[in-house]
Visitor: 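Next up is a structure, given as structure tokens.
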Amino acid sequence: MLYALKIATRYLTASKAQTALLVFGVAIGVFIFIFMSALIGGLAEFIMARTAGDMAHITIQAEAVDPALLLPHEGRTVLLVQEATSQATAVLKDTPALVPLIEAIPGVIGISPQINGSGFLTRGAQVMQVSINGLEPGKESVIANLASYITEGTANLGAGGVLLGKTLVDDMDLALGQTVRLQSSSGVDELLTITGVYEMGSGGPDRRQAYVSLATARTLFKLPQGVTRVEIKLADLYAADTIAPRIKALTGLDAKSWTEQAAQLLEALRAQAQTGYILKSFALLTIIIGVASALLLSTYRRRPEIGIMRAMGAGRWFVMVVFVSQGALIGLMGGLFGAAAGYGVLLAFPGRTSFAPGQSGLPIDITQGAYGLAIILTTLGAILASILPARAAARLDPVTAIGQ
Amino acid sequence: MTPLLEVQDLVKTFGSGEAETRVLRGLNLAMSTGELAALLGPSGSGKSTLLTILGTLMHPTSGSHTMLDVDLTTASDRSLTEFRNRHIGFVFQFHNLLPDFTALENVVFPTAVREGRETATARRRGEELLVRMGLAERIHFPTANLSGGQKQRVAVARALMNRPELVLADEPTGNLDRASAQQVMDLIAEINRDEGTTFLISTHDEKIAALCRRQIVVGDGLVTG
Ligand SMILES: Nc1ncnc2c1ncn2[C@@H]1O[C@H](COP(=O)(O)OP(=O)(O)OP(=O)(O)O)[C@@H](O)[C@H]1O
Ligand SMILES: [Mg+2]
């Protein structure tokens, strides 16, 4: 084995330029493999961080109770028209007891009981429809990182304060410190002071959202106790599908994973990953074809030598190992160079920290380069590629090979 | 003199049907240990074919082939490889050496390929052989840079590496000028005398043949003299 490896190494070093070119070719394939891994992996994380980063990973929504049907409906179709505003708000009553229970589940890093509803914001003659989010003071940034989006004032929600989006503030010509009237769908209105202005960069929340304290929301929606929704943040957002059922089992409440709502997003990410696999497979295929053809050429060129070695008592197996070792060495070297080059180039990109919302960054993740995998697959691929030429070499008839 | 090898009724045909060529047609030959024999015959008479069969690189179409009391006629590729490695040395006319290796590495090859590595003992023997071939200055020379005569002497050294009983040489001096050819033949004769190694050397050169103690002439697929 060791001796066959010596012969293989000598063959590779004997034609340095050719070997260098071959290794370079393999390294390019590996580089593409690694770059694709970092890009596809990074893109997925990037999209997740940008779209899913600010959303709740698990949501418990109070279930609206269907109104009882008083008409007998056998034999006829009943069209039920239900007005959202007129319906008594569904409430989760036992949250004070449930919160510590959910918080104790491993993987849960934040929990935010909320009262949500809709209402109208008025200042002077201007009226704007908004959705109202009542958050617990101190928990403003548990789900969406509100504090990071504040452009003026503060994210801290005090009594009598309201946080508004920049677009809304601009549209209504408002300013920090001014007083606005917020009227809820339950018909209650409150005079609130704008204590903070945020800019998330996406239309919806910046135009139509008003954050108030949970206490203010209680008054607005006439809910002395309970909440309408509990949002939960996890350390690993992909754990949502396993943790949601646990919460459901523990509390009896309908805890929903974000994936139920984000099926399309996940589908897109999956398709994207598949494209990545195809491209990576092509990179590997190119490597295999390149190595196979180069080695086939080499076995042809070295036919007389192979014949001589066989005449000197080298077995078929020995010849086989000589050529497979060449393939393995080329793969390993190309893999190492390609991985090093890939890492070096990826170092130039901003990296994962820039994925966070509000940062300018490219969706390339140096930690997802799959370097080890690239090196292993390339070496295995090159070995595979060398088997055909090696077999051809081993099966050569020594007499015709020597060609005297 | 003890019998070394024997072939009986050796037949070798190439191709089949219309294109069939009968090269050997029931050839008989026996050789004893310590012989120095020349193999003569016109071009195309089957000298190389016979050497290839005697060297176990090719099976005869029919007939028997024994050497050192081993029946080699139908032995497997694996056991023939092993047999060849231990008992037979080769010197060819062209492409004799591995061009990317030094003279010493070439000489040591038959031992190294068997032992799986180049041992110090093997290297020492290789060096001795090269010194004996008058190549003391060329031990670590890349063989690609050697002259034709030097290459053939390296090939002879390599053929002797595993102390084989038989060395088969197919026109070993065919490519060399008179002086180099003479030098190679002198070394072969010397080894034959000192070590008792049997040589069978095919040649078209009467002067070379005259240096051997026995002349075997092939013609029409048979030994004719
Ligand atoms: N593989 C083969 N297939 C078909 N015919 C072959 C093959 N090898 C040899 N022959 C034929 O067998 C005959 C003998 O060839 P061989 O090489 O043994 O002759 P030779 O005596 O060594 O000739 P030379 O002195 O020219 O080297 C020739 O006619 C040759 O064409
Ligand atoms: Mg010949």
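Quick caveat: nothing in here was measured; it's all calculated off a predicted structure. What you see below is based on every heavy atom in this structure, not just the backbone, and it leaves out hydrogens, waters and symmetry mates. In what follows, chains are A, B, ... by sequence order, proteins preceding strands, each numbered from 1.
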Visitor: Please confirm whether B/Arg158 makes a cation-pi placement over B/Phe109, using NZ or CZ under 6.0 Å from the six-membered ring centre and within 45° of the ring normal.
Guide: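 Ring-cation test returns no.
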Visitor: So which part of A/Leu5 gets closer than 4.5 Å to some heavy atom of chain B, the side chain, the backbone, both or neither?
Guide: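 Contact with chain B is absent: no heavy atom of A/Leu5 under 4.5 Å.
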Visitor: At a heavy-atom distance under 4.5 Å, which candidate from B/Leu57, B/Thr52, B/Leu97 has the highest pair count against chain A?
Guide: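 Going by pairs under 4.5 Å, I would pick B/Leu57.
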Visitor: Is the backbone N or O of B/Met161 less than 3.5 Å from a side-chain atom of B/Arg125, with the two atoms forming a donor-acceptor pair by type?
Guide: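 Yes, because the side chain of B/Arg125 sits within donor-acceptor range (under 3.5 Å) of the backbone of B/Met161.
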Visitor: Looking at chain A, which one of B/Arg114, B/Met58, B/Glu105, B/Glu115 has the largest number of heavy-atom pairs inside 4.5 Å, strictly under?
Guide: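 Of the candidates given, the most pairs with chain A belong to B/Glu105.
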Visitor: Is NZ or CZ of B/Lys12 both nearer than 6.0 Å to the six-membered ring centre of B/Phe14 and within 45° of the ring axis?
Guide: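 Cation-pi check for B/Lys12 and B/Phe14: passes.
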Visitor: What part of B/Asp77 lies closer than 4.5 angstrom to a heavy atom of chain A: side chain, backbone, both or neither?
Guide: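 Just the side chain, heavy atoms under 4.5 Å.
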Visitor: Measure A/Arg302 against the heavy atoms of chain B and call it side chain, backbone, both or neither at under 4.5 Å.
Guide: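 Side chain of A/Arg302 only, per the 4.5 Å heavy-atom cut-off to chain B.
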Visitor: Looking at B/Phe83, I want to see if its CZ is surrounded by more than 12 non-hydrogen atoms of other residues, nucleotides or ligands under 6.0 Å.
Guide: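 It does: B/Phe83 CZ has more than 12 such atoms within range.
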Visitor: Begin from the C-alpha positions of A/Asp365 and A/Thr367 and carry the test side chain to side chain donor-acceptor pair (under 3.5 Å) through to its verdict.
Guide: CA-CA 5 Å; A/Asp365 183 1; A/Thr367 65; 2.7 Å; yes
Visitor: State plainly whether the residues B/Glu82 and B/Arg86 are in salt-bridge range, i.e. N to O under 4.0 Å.
Guide: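 Judged by the 4.0 Å cut-off on N to carboxylate O distance, B/Glu82 and B/Arg86 do form a salt bridge.
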Visitor: If you tally heavy-atom pairs under 4.5 Å against chain B, which of A/Arg316, A/Arg10, A/Glu305, A/Lys6 wins?
Guide: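 Highest number of pairs under 4.5 Å: A/Arg10.
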Visitor: Relative to chain A, which of B/Pro164, B/Pro99, B/Ala159, B/Pro142 shows the most heavy atom pairs under 4.5 Å?
Guide: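 Most heavy-atom pairs under 4.5 Å with chain A: B/Pro99.
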Visitor: In terms of heavy-atom pairs under 4.5 Å, which option from A/Ala314, A/Pro398, A/Ser15, A/Gly313 contacts chain B the most?
Guide: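 Looking at each option in turn, the highest pair count goes to A/Gly313.
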Visitor: Kindly check if the number of other-residue, nucleotide or ligand heavy atoms within 6.0 Å of CZ (A/Phe24) is above 12?
Guide: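 No - once you tally the heavy atoms of other residues, nucleotides and ligands closer than 6.0 Å, there are 12 at most.
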Visitor: Checking heavy atoms, do the side chain of B/Glu171, its backbone, both or neither come under 4.5 Å from chain A?
Guide: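 When you check distances to chain A, no heavy atom of B/Glu171 falls under 4.5 Å.
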